[in-house]
Number of protein chains: 2
Amino acid sequence: MVNPALSPTAYALLGLLVFDRENPEGMTGYELKQRADFTLRYYWVSPAMSQIYTELRKLSEAEFVETAPSEGPTRYRVTELGEEQLQTWLFHGEVGFPILKHPVALRLLMGRLSTPDQLGSMLETHLDDLAARRADLQGVRDMLGDEHRVRYAAMVADWGLAYYDSEAQIVAGLRERLEGMD
Amino acid sequence: MVNPALSPTAYALLGLLVFDRENPEGMTGYELKQRADFTLRYYWVSPAMSQIYTELRKLSEAEFVETAPSEGPTRYRVTELGEEQLQTWLFHGEVGFPILKHPVALRLLMGRLSTPDQLGSMLETHLDDLAARRADLQGVRDMLGDEHRVRYAAMVADWGLAYYDSEAQIVAGLRERLEGMD
DNA sequence: TGTAGCATGTAAGCCGTTACATGATTGA
DNA sequence: TCAATCATGTAACGGCTTACATGCTACA
């Protein structure tokens with residue numbers, strides 16, 4: 001099988017499988033989705049189920065995963081080749097800068113078309129959303145604890161928490177700045 | 001013409017045109033791209049030229065923009081309807097939570113497959129990228145000054161700068177944390 | 001017995017990119 | 001006159017989503 005340049009999302013899923021490597025059972029597409037919802041969504045995306053199956057097919061064709069023989073649902077596990085290629089992908093070649101699509105900032109940019117009041121309530125809503133998101137991630141962080149096995153996941157969760165805190169602080173500042181306008 | 005639910009990117013471009021509304025000449029697709037590179041890319045995306053023309057066609061079909069009669073390149077300007085619809089889109093309906101695709105965090109998550117050293121140098125590179133990005137944005141911020149006309153753009157630029165600063169601080173912390181590992 | 005969760009996929013379609021093609025204008 | 005920039009598009013394709021279809025299992 002050839003290697004038709006997999007997408008970052010494919011590698012992200014592969015990473016989740018590697019994480020679960022001690023478990024020789026492998027994971028189903030469905031379980032992979034749960035995992036993605038649990039961690040991946042904070043830093044990347046949580047692909048739709050249909051996308052998960054698509055990526056699993058591609059990973060399978062590239063022989064980066066294999067299906068574990070078992071009755072019932074199809075279980076996937078990473079192959080030697082898969083782990084090897086994941087390592088190569090991870091730390092060789094361009095990592096790239098984060099992509100941000102920030103609908104709140106986009107709207108604030110066009111603030112002239114609105115009123116400080118309306119903008120303020122938009123920021124308020126964003127603060128609520130941030131708090132909810134932060135609480136979710138805190139739940140994840142708590143579940144990770146200080147187990148050595150998951151120390152990198154914990155680091156990234158801490159990163160996320162700090163990011164949400166900083167964003168909340170910045171937005172609160174902007175809201176105040178709006179109050180002193182017009 | 002009907003109104004087939006335009007994408008956020010279409011509205012973002014429409015916003016750039018509104019920004020330029022005092023200028024009755026309108027803007028060319030090319031100029032729009034310059035503007036997008038200048039501000040939009042920090043909070044949203046800067047679409048490819050081909051995408052810009054596609055969105056302009058859609059905006060034109062929806063009669064949210066019109067072409068200004070002139071010799072030479074086609075110039076677009078926002079219509080009454082366009083500005084009206086932009087306002088509706090901006091502050092009615094779901095704003096949504098930011099979407100982040102963070103390749104560095106994604107890789108750190110799989111840190112087990114690497115070494116603290118390698119991870120550290122990845123973070124180092126990210127800090128450099130952040131500094132470069134920040135410098136670009138600072139350039140934008142300086143150009144905006146304290147003109148009342150662009151005060152919202154200035155607010156959003158300040159937001160971005162604060163975000164980059166915070167990210168740099170967090171990442172520097174993570175790098176130190178890596179040093180005390182293994 | 002029916003609803004929620006588990007499990008897997010196909011189809012249609014949008015958003016966006018890269019590659020390619022074309023041609024005008026401007027300045028060194 | 002040659003290169004850079006201005007200017008506009010088409011074609012092919014990848015990534016991803018929603019909608020739809022299907023069926024099984026556990027449990028209240």
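Reminder, nothing fancy here: chain letters follow the sequence lines and each chain counts from 1. None of the values given here were measured: they were computed from a predicted structure.
- Taking atom CE of residue Met49(B) and atom C1' of nucleotide dA21(C), one finds them 15 Å apart after rounding to whole Å.
- In 5' to 3' order, the nucleotides of DNA chain D bounding all contacts with chain B (an atom under 4.0 Å from a heavy atom) are dT5(D) to dC16(D).
- Results of the ring pair (Phe, Tyr, Trp, His ring centres under 6.0 Å) test with His102(B) over Tyr163(A), Trp44(A), Tyr43(A), Trp159(A) single out Trp159(A) as the only residue that passes.
- Within 4.0 Å of Thr9(B), counting heavy atoms only, lie sugar-phosphate atoms of the nucleic acid but no base atom.
- Here dG23(C) presents its P atom at 19 Å from OH of Tyr30(B), a figure rounded to the nearest Å.
- In this structure, Glu83(B) CD and Leu14(B) CG are separated by 8.5 Å, a value rounded to the nearest 0.5 Å.
- A salt bridge is absent between Arg35(A) and Glu31(A); no separation between the charged side-chain nitrogens and carboxylate oxygens falls under 4.0 Å.
- Using cut-offs of 30° and 60° for the angle between ring planes, the Tyr11(B) and Phe64(B) rings count as tilted.
- The OH atom of Tyr53(B) sits 16 Å away from the P atom of dG23(C) (whole-angstrom rounding).
- When the C1' atom of dA7(C) is taken as reference, atom CZ of Arg75(A) falls 11 Å away, rounded to whole Å.
- DNA chain D is contacted by both Val45(A) and Thr28(B); Thr28(B) maps to the nucleotide lying nearer its 5′ end (nearest heavy atom per residue).
- Within the 4.0 angstrom heavy-atom criterion, only backbone atoms of the sugar-phosphate kind lie near Thr74(A); the bases stay farther away.
- Protein atom CD of Gln51(A) is 14 Å distant from nucleotide atom C1' of dC15(C), rounded to whole Å.
- Taking each heavy atom of Leu127(B) and Ala172(B) in turn, the nearest pair found is CD2-N, 4.3 Å.
- Note: Phe97(B) and His126(A) have tilted aromatic rings, judged against thresholds of 30 and 60 degrees for the angle between ring planes.
- As judged by a 4.0 angstrom heavy-atom cut-off over every strand, Ser50(A) is placed among the base-contacting residues.
- Of the charged side-chain nitrogens involved, at least one lies within less than 4.0 Å of a carboxylate oxygen, so that Asp136(B) and Arg41(B) count as a salt-bridged pair.
- Following rounding to the nearest Å, Asp37(A) (CG) and dC6(C) (C1') show an atom-to-atom distance of 14 Å.
- Rounded to an integer number of Å, the gap from Gln34(A) CD to dG5(C) C1' is 9 Å.
- Using a 4.0 Å heavy-atom criterion, one finds that Lys33(B) contacts no nucleic acid atom at all.
- Between Ile99(B) atom CD1 and dG16(C) atom C1' the separation is 13 Å, expressed in whole Å.
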